[in-house]
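Counting starts at 1 for both ligands and their atoms, in listed order.
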Amino acid sequence: MDRILLTHGRIATMRGGRYDLIEDGALYAEGGRIRWIGPTGSSELSDRAEVERIDAKGALVTPLLVDCHTHLVYAGNRAREYEMRLEGASYEQIAKMGGGIASTMRATRDASDWELSAQTGKRLDALVAEGVGTVEIKSGYGLDVENELRCLRIARGLERGRAVHVRTTLLGAHALPPEFKGRADDYVRVVCEEMIPAVAREKLADAVDAFCEGIAFTPEQVRRVFEAARDNGLPVKLHADQLSDLHGAALAAEFGALSADHLEYTNGEGIAAMAKAGTVAVMLPGAFHFLRETRLPPVEALRKQGVRMAVATDSNPGTSPTTSLTLMMHLACSLFGLTPEEALAGATSHGAAALGLADRGELDVGKRAEFAVWDAEEPAELAYGIGPKRPILTRYPQ
Ligand code: DI6
Ligand code: FE
């Protein structure tokens, strides 16, 4: 049925990134869009015929969640590296020994399309079961033209038959593949002159990302990747200042990036540049926790400057092996000091902004009629519990 009338919900609309609660709220949707939202008792709601009626019975209603940063397409796992790190090896040391991203690259290249789809689909299903309605999926474990495009195609293909939007991001500049050892600039040329144009031609990605870090690519190399993205009409995002301050946030802002992600080592200048450019700060507490990082992202400064903060899983085998966005909301509060309201905004309204999507992440007239009803009354309950939450029901217009 195309028409939906939800009544008696405690609706956290998340308009403007706030709970903006409607007590005993109702919403009416038609054609996949919200046409009306307000109090259940309103006379405007009377003559609605032939509608699917949902009585939320006082339960919490939120927009479907948005996970704006994942690396879902990969094969294998890195449990052995986890053991090594617990024994004292650092993430950088393991990467330099040929482990890390390169080891997942090998497993990913070796996996068949079917295996990759099946493994990735399982992770995507776990997110969907938690009330996530939009998932960004990056490539980045293929690291050659053929395999990066293959991973993006697999990511796109997973939308079929699932109640989820997949947004894809090319992360060709994730790590240097071994065949380019000592020739990073040559690899960057492949990313700029072959990968990005091919992805733009086939419309396989919605954005381009890069990893700006000592163990990955320099700011100069990232600049070239961003210029190529701009030349091909693709917006950019950046893994910025995760392990050291390379002024990644400022570089991202200079290119009007949709988001700069991680930001543990970002300085004040970078934050001011992000505020000016409207670049969203994506908080990734799963990676912080898993790497046993101690340097906190500059949450108070981001807040003061009015930079919108998103929260995402960063789901990947090396630094954030998780598929629970509500657990990340919990960690964003407990580890980074976000309020539960900020965490929910980060997984709805601001997560959508980090993907450049203005039609979701908030419940309001004209927005997509995508919502979840939770076994909860207080919106803070979503960040409060440790572990995945399951909504009672979700609605997702096809
Ligand atoms: N930063 C991260 O935390 C992930 N990628 C990135 O650029 C780690 C990816 C991995 O270790 O496999
Ligand atoms: Fe990441």
Whether [X] and [Y] hold their rings parallel, tilted or perpendicular, with breakpoints at 30° and 60°:
X: Y396; Y: H165; value: tilted
X: H69; Y: H262; value: perpendicular
X: Y82; Y: F290; value: parallel
X: H239; Y: H174; value: tilted

Using a strict cut-off of 4.0 Å, indicate which atoms of ligand 1 neighbour a heavy atom of [X].
X: Y91; answer: 8 (C), 9 (C), 10 (C), 11 (O)
X: Y141; answer: 9 (C), 10 (C), 12 (O)
X: Q242; answer: 1 (N), 2 (C), 3 (O)
X: T319; answer: 2 (C), 3 (O), 4 (C), 8 (C), 11 (O)

Run through D67, D206, D209 and flag the one making a salt bridge (Lys or Arg N to Asp or Glu O under 4.0 Å) with K138.
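Looking at D67, D206, D209, the match for K138 under the salt bridge (Lys or Arg N to Asp or Glu O under 4.0 Å) is D209.
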Check ion pair K237-E136 (N to O, under 4.0 angstrom):
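Salt bridge flag = no for E136 with K237.
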Between E254 and R223, does any NZ, NE, NH1 or NH2 come within less than 4.0 Å of an OD or OE carboxylate oxygen?
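Salt bridge: yes.
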Is any protein N, O or S atom closer than 2.8 Å to the Fe ion (ligand 2), and if so, which?
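H69 NE2, H71 NE2, H239 NE2, D314 OD1, with waters left out.
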Using a 4.0 Å heavy-atom threshold (strictly under), name the region of Y74 that reaches ligand 1: side chain, backbone, both or neither.
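None of Y74 does.
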Which bit of E213 is near ligand 1, meaning a heavy atom under 4.0 Å away: side chain, backbone, both or neither?
neither
Given 3.5 Å as the limit, does a donor-acceptor pair link the side chain of E264 with the main chain of R295, or not?
no
Is a side-chain donor or acceptor of T168 paired with a backbone partner of R156 at a separation under 3.5 angstrom?
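No: the side chain of T168 does not pair with the backbone of R156.
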Give the residue, atom name and distance (to 0.1 Å) of the protein heavy atom nearest atom 5 (N) of ligand 1.
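Scanning the protein heavy atoms, the shortest distance from atom 5 (N) of ligand 1 goes to H174 NE2, 2.8 Å.
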Please confirm whether D314 comes under 4.0 Å of ligand 1, counting heavy atoms of the residue only.
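Yes, that is the case, since the closest heavy atom of the residue is under 4.0 Å from the ligand.
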Under the side chain to side chain donor-acceptor pair (under 3.5 Å) test, which residues partner E377, sequence neighbours left out?
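Not a single residue meets the side chain to side chain donor-acceptor pair (under 3.5 Å) criterion with E377.
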